[in-house]
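As a basis for the values below, the full set of heavy atoms in this structure was taken, side chains included, without hydrogen atoms, waters or symmetry mates. This structure is a prediction, so every number in the text was calculated from the model and none was measured. The residues of the chain are indexed from 1 along the displayed sequence.
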Amino acid sequence: MCASRQTYVLKLYVAGNTPNSVRALRILNDILEREFSGLYVLKVIDVIKNPHLAEADKILATPTLAKVLPPPVRKLIGDLSDRQKVRLGLDLFAQELQEG
């Protein structure tokens, strides 16, 4: 692993402990720990407890995953069960392609 790789800053917006929210968090944690261990910061935001944060970030549905850094900002809605779609949708291949 290259030491110059950037850290990913991610936000996962959930609505309490619904089955989709729990599944999305479990899958995301698995993807991040397997492929980006030590290269990410994840903040989980419960929109029921913090509706102002969802409103400020224009979150209309949950679960929603937002990649904040590195730019551009990318968002995915759903339970994140399609791992390939998560990586592609959040542009998590970009760094690898630039290094290759």
Side-chain angles (χ1 to χ4, degrees):
M1 176 169 39
C2 180
S4 66
R5 290 186 68 179
Q6 293 183 351
T7 298
Y8 293 95
V9 178
L10 306 164
K11 293 181 182 178
L12 179 63
Y13 298 86
V14 297
N17 287 325
T18 65
N20 277 346
S21 295
V22 171
R23 186 178 316 113
L25 181 57
R26 179 178 42 81
I27 291 169
L28 181 59
N29 277 329
D30 185 58
I31 292 170
L32 293 173
E33 280 304 309
R34 285 179 186 225
E35 302 179 41
F36 300 95
S37 184
L39 296 173
Y40 71 92
V41 175
L42 174 64
K43 181 170 185 174
V44 179
I45 299 167
D46 186 336
V47 301
I48 294 171
K49 294 177 182 174
N50 298 292
H52 61 284
L53 295 176
E55 185 177 334
D57 288 340
K58 298 178 173 52
I59 301 301
L60 302 176
T62 60
T64 294
L65 176 62
K67 179 189 71 147
V68 180
L69 291 173
V73 171
R74 303 233 185 213
K75 294 179 182 173
L76 282 178
I77 299 170
D79 69 4
L80 311 178
S81 58
D82 185 338
R83 293 166 188 259
Q84 187 77 352
K85 183 178 175 184
V86 171
R87 292 183 77 206
L88 288 171
L90 294 179
D91 204 22
L92 296 179
F93 286 119
Q95 185 73 25
E96 295 158 14
L97 293 173
Q98 291 170 2
E99 291 175 355

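- Contacts classified as side-chain hydrogen bond (donor to acceptor under 3.5 Å, both in side chains) and involving residues 39-53 (residues at least two apart or in different chains) are given here: Glu33-Tyr40.
- Arg74 pairs by the salt bridge (Lys or Arg N to Asp or Glu O under 4.0 Å) definition with Asp91, not counting sequence neighbours.
- Once rounded to the nearest 0.5 Å, the distance linking CD1 of Ile27 with CG of Leu65 reads 11.5 Å.
- Ala66 and Lys75 get closest at one heavy-atom pair: CB-CG, 4.0 Å.
- Nearest heavy-atom pair across Ile77 and Ala61 is CG2-CB, 4.0 Å.
- For Asp79, the salt bridge (Lys or Arg N to Asp or Glu O under 4.0 Å) partners two or more places apart in sequence, or in a different chain, are Arg23.
- Counting only residues at least two apart or in different chains, salt bridge (Lys or Arg N to Asp or Glu O under 4.0 Å) contacts with residues 51-60 comprise Lys11-Asp57.
- Taken from CG in Asp30 to CD in Glu35, the straight-line distance is 8.5 Å, to the nearest 0.5 Å.
- Val47 forms part of a hydrophobic cluster together with Tyr13, Ile45, Leu53, Ile59, judged by ILVMFWY side-chain heavy-atom separations under 4.5 Å.
- By the side chain to side chain donor-acceptor pair (under 3.5 Å) test, Ser21 pairs with Thr18, sequence neighbours left out.
- The CZ atom of Arg34 lies 6.0 Å from the CZ atom of Arg83; values are rounded to the nearest 0.5 Å.
- Within the hydrophobic cluster formed by Ile, Leu, Val, Met, Phe, Trp and Tyr side chains joined at under 4.5 Å, directly or through other members, Val9 is accompanied by Val68, Leu69.
- For the pair Leu28 and Leu42, the tightest heavy-atom approach, listed with the atom from each and the gap, is CD2-CD1, 3.8 Å.
- By the rule that hydrophobic residues join a cluster once side-chain heavy atoms approach within less than 4.5 Å of another member, Leu12 and Leu39 end up as members of one cluster.
- Heavy atoms only, all atoms of each residue included: Val44 and Leu25 are closest at CG2-CD1, 3.8 Å.
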